[in-house]
Amino acid sequence: ASRPRVVVLGDSFVEGFGVELAERFTDRLEAASGTEFLNFGTSGHFSPTQSYLLYRTLARHFDHRVVVLCVLPWNDFIEDNYDACRTHLTLAMR
């Protein structure tokens, strides 16, 4: 990249689920700062562990200087809890 870029990882609120692309916080930061924000937000049950795996396998290959990891403590750690995942319908298959 010719300019500094920021990789942003997280779940649906980073992805911008339910809002127009221009209203995502990463797009708003990009417009206000002139710095490119690469949004790797993913909807669904996407824990910090999943964000790490996404970074390790994909996002790290994009030229960047900063990584921002967004975490919502209310639900982002459920997937990292073995007992919770065994009984959670959408997580039991992982």
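No hydrogens, no waters, no symmetry mates; every other heavy atom, side chains included, goes into these values.
Shortest non-hydrogen contact noted between Asp63 and Arg5 is O-NE, 2.9 Å. Pairing each heavy atom of Gly10 with each of Val14, the nearest pair is CA-CG2, 3.7 Å. Contact detail for His61 and Thr57: the closest heavy-atom pair is CD2-O, 3.5 Å. Shown here for Val71 and Pro48, the closest heavy-atom pair between the two residues is CG2-CG, 4.2 Å. Closest approach of Thr35 and Pro4 over heavy atoms only: CG2-O, 3.6 Å.
Asn39 has its side chain within reach of Arg24: a pair of non-hydrogen atoms, C-beta onward, lies under 4.5 Å apart. At a threshold of 4.5 Å between non-hydrogen side-chain atoms, the residues Phe40 and Leu58 count as touching. Here the side chains of Leu54 and Leu9 are in contact, with some heavy-atom distance below 4.5 Å. Using a 4.5 Å heavy-atom cutoff, the side chains of Leu53 and Ser51 are not in contact.
In this pair, Phe25 and Phe13 present their aromatic rings parallel. The plane angle is below 30°, not in the 30 to 60° band.
Close placement of the His64 and Tyr55 rings is indicated, their centers lying within 6.0 Å of each other.
Checked by atom type and distance alone, the side chain of Glu30 never pairs as donor or acceptor with a backbone atom of Glu36 at under 3.5 Å.
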